[in-house]
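All remarks here apply to the structure that follows.
Chain letters run A, B, ... following the sequence lines, proteins first, then strands; residues in each count from 1. Note that this is a predicted model, so its numbers are computed, not measured.
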Amino acid sequence: MSTKTHTHSLAAPHRGDIQRWTRTFIPTSKEPPADAEAISHKLLVRAGYIRRVGAGIYDYLPLAWRTLQKICAIVREEMNDAGGSEMLMPAMEPIELFAETKRDVDYGDNLFKLTDRHGRITALAPTHEEIITELMKSGVSSYRQLPITLYQIQTKFRDEFRPRSGLLRGREFIMKDAYSFHLTLDGEGGLGETYDAMDRAYSNIFKRCGLDFSRVEAEAGPIGGSASHEFMVNCDAGEDIILRCPETGYAANVEKCETGERAWSFDGEPTGDLEKVHTPNLPGIEEVGKFLKVKPPNMLKTVVFKRHDSGGAGVSPVWILAVVRGDHDVNEGKVKAAAGGPVALADEAEAKAAGFSIGYVSPRVIVGRTDCLLIVDPDAAQGMDAAKGKPMFWATGADEKDYHVKRFNWRREMGDVLNNQSYVKVADVRNAMAGDPSPRAKGATLEEGRGIEVGHIFKLGTKYSEAMGLNVLDPNQDRVPVIMGCYGIGVSRTLQACVEMSHDDDGIIWPGAIAPFHVLITPMKIEPGSELMTAAEQLATDLSHAGIDVLVDDRDERPGVKFKDADLIGIPIRLTVGDKALAEGCVEYKHRGDAGKGEFVKMHDVIDTCVRALTEA
RNA sequence: CGGGGCGUAGCGCAGCUUGGUAGCGCGUUUGACUGGGGGUCAAAAGGUCGUGGGUUCAAAUCCCGCCGCCCCGACCA
């Protein structure tokens, strides 16, 4: 937890603002845009928060900007508490900086590039590891200057292959990125210490934003590095699949998730003679399975990988073949781990030239070859069908274009090579899924859910400092590479994740801490100088003095219109000023999300009631 | 990158098959009535039909190119 106590609901930067609907820009609409799919995307557009400018590019209108600033304020408080200092780096960076770490290649087409009048190529920064490492090189030379943590909140650019769902995957988006620098991994001032502090800060941030989230183990991806955790908003609309063990709390991204021990054995009698079947033009397991009348769990899928470093002399084997059940997905990270070296999916043409009938490959293909390693997933390494207590029926490719085989039997088809560990291994090489044994608790099974990734923290180690030569002198006067960590939050994505999580049929329901305004005042009649308007104005002023941000719906609209819009934009508290309540010295007080019409509260109590409601939340 | 679809008023859409006067709903403006959950009536403004070419007496409509956008899929063959 942070050391300070923050005033959660009434956080800076907006304290006691008063704005009028007619003098700001809140273009609400009844109909969602035709291009929106996600509920949060529809609501943000309908409620006048965002407007699309181009694919994956959006305007943040006043309401959205206020909420973003409130999220940023929370982020700043927590980052500063965790020992960070804010700064700002440029969005444009010379492409040469990326070349130093080869990320111009690794990031590939996701990197926006532009050419200036002199023909120089500049990248629009998708992230800032290179820039900050370069900066540190110029200013840090001694271990005494470490540790240090710097962060910024800034617009990032990524030429996403397929931008989608409004702010959830944009090409231009707002991100908080932090970088830390250390002499050591562990101990005082080490990477671990800051990583843990960031971990806590992130939990605080997402809690304060009112999110239901999971912290899961993750793959580092193109950022690189060793340990890594993602913060996922638990929500079905998320793109990521996460698995968790209900007993131990272990949770991981599907890309990373381990599975518990699974029993396997190649032994089992053949179910009959091997039968070759003509299966022309049938791409994919589904189609072949339907044609053969075999279910995917009875098929073996063989995916051909190539050792990344196989250009080097003496690297053997060259080809890595991963075998999984037809209904399972190969996990490249696990293949890499099992192969003991970097792998990449084989180029189709190259693999065909090497004798693999891509699309029709079976495990048999390695028999008689010495340049292959077959890695079989335990669920595929089955001679017996445990559920039925009978020998296992397998269908697989025939290693010949347009043919598959039925009644594949491991022992009969593979022979002695099955026992040679240089050529055949059994290891977990598939994505985990719901129902798999937990890797952390015997007897427990993994559960599956979806999430929106809003935060990601990495232990980078020395990947960037070594590539770019960021070194310091340690106490022994040795030059050592600096150890780094990096920590990102998708700020604009967090905004939409909040909406995705918290809404109803009528609109958005903001938590007080990040709502654009705390209170919406709805006068029932707009008559300048009337008792009703005077009361509404006085109310706004009093709320403002209490540090509450107020929006006054001063439009001369019918009540129905105002109430509909009020629900749509999702301000936490609505105060309706009407003749009936006013006659009793009251206003009508209603929480967004509560049913009914709200309750009468005495005018002199209403400020306290609002403050209490907002600080309790 | 593959597949599918779309581009007509600020927004959502029809019209295109079978070429001939630019249409509907919402929103907007003006006026009246209204006034507690997207009101009623009346009048009005608003469109180079994405873009370039072609066919034709005539193109939103048919043909070709280009541009933009959305959805699905994708290292699983």
Can you tell me if the side-chain N/O atoms of A:Arg558 get under 4.0 Å from OP1 or OP2 in B:G35? no
Between B:A74, B:C69, B:A77, which nucleotide has the shortest distance from any of its atoms to the side chain of A:Arg171? B:C69
Identity of whatever pairs with B:A22 - Watson-Crick or G-U, under 3.5 angstrom: none
Testing A:Arg325, A:Arg262, A:Lys425 for salt bridge (Lys or Arg N to Asp or Glu O under 4.0 Å) with A:Asp377, which one passes? A:Arg262
Side chain A:Lys30 and base B:C26 donor-acceptor under 3.5 Å: no
In the strands shown, is B:G47 matched to any nucleotide by a Watson-Crick or G-U wobble pair with both distances under 3.5 Å, and which? none
Residue matched to B:U61 through Watson-Crick or wobble contacts both under 3.5 angstrom: none
Looking at B:A14, which nucleotide sits across from it as a Watson-Crick or G-U wobble partner, both distances under 3.5 angstrom, or is there none? none
Would A:Arg369 count as a cation-pi partner of A:Phe356, with NZ or CZ less than 6.0 Å from the six-membered ring centre and within 45° of the ring normal? yes
Between B:U30 and B:C69, how many Å separate the two P atoms, rounded to a whole number? 37 Å
In the strands shown, is B:G35 matched to any nucleotide by a Watson-Crick or G-U wobble pair with both distances under 3.5 Å, and which? none
Base partner of B:C1, which must satisfy Watson-Crick or wobble distances under 3.5 Å: B:G73
Within the 3.5 Å criterion, strictly below it, is a donor on A:Thr155 or A:Glu172 matched to an acceptor on the partner's side chain? no
Per the atom types in the model, does the base of B:G25 pair as donor or acceptor with the side chain of A:Glu31 at under 3.5 Å? yes
Using atom P of each nucleotide, how far apart are B:G38 and B:C26 to the nearest Å? 14 Å
Applying the Watson-Crick and G-U wobble criteria at under 3.5 Å, what pairs with B:A42? Answer none if nothing qualifies. B:U30
Compute both the distance and the angle, then confirm whether A:Arg66 meets the cation-pi test with A:Phe517: under 6.0 Å from the six-membered ring centre, within 45 degrees of the axis. yes
Could you tell me whether the phosphate oxygens of B:C72, OP1 or OP2, come under 4.0 Å of any side-chain nitrogen or oxygen in A:Arg162? yes
Donor-acceptor pair (no angle test) under 3.5 Å: A:Arg46 side chain, B:G38 base: yes
Between B:G52 and B:U48, how far apart are the C1' atoms? Round to whole Å, please. 13 Å
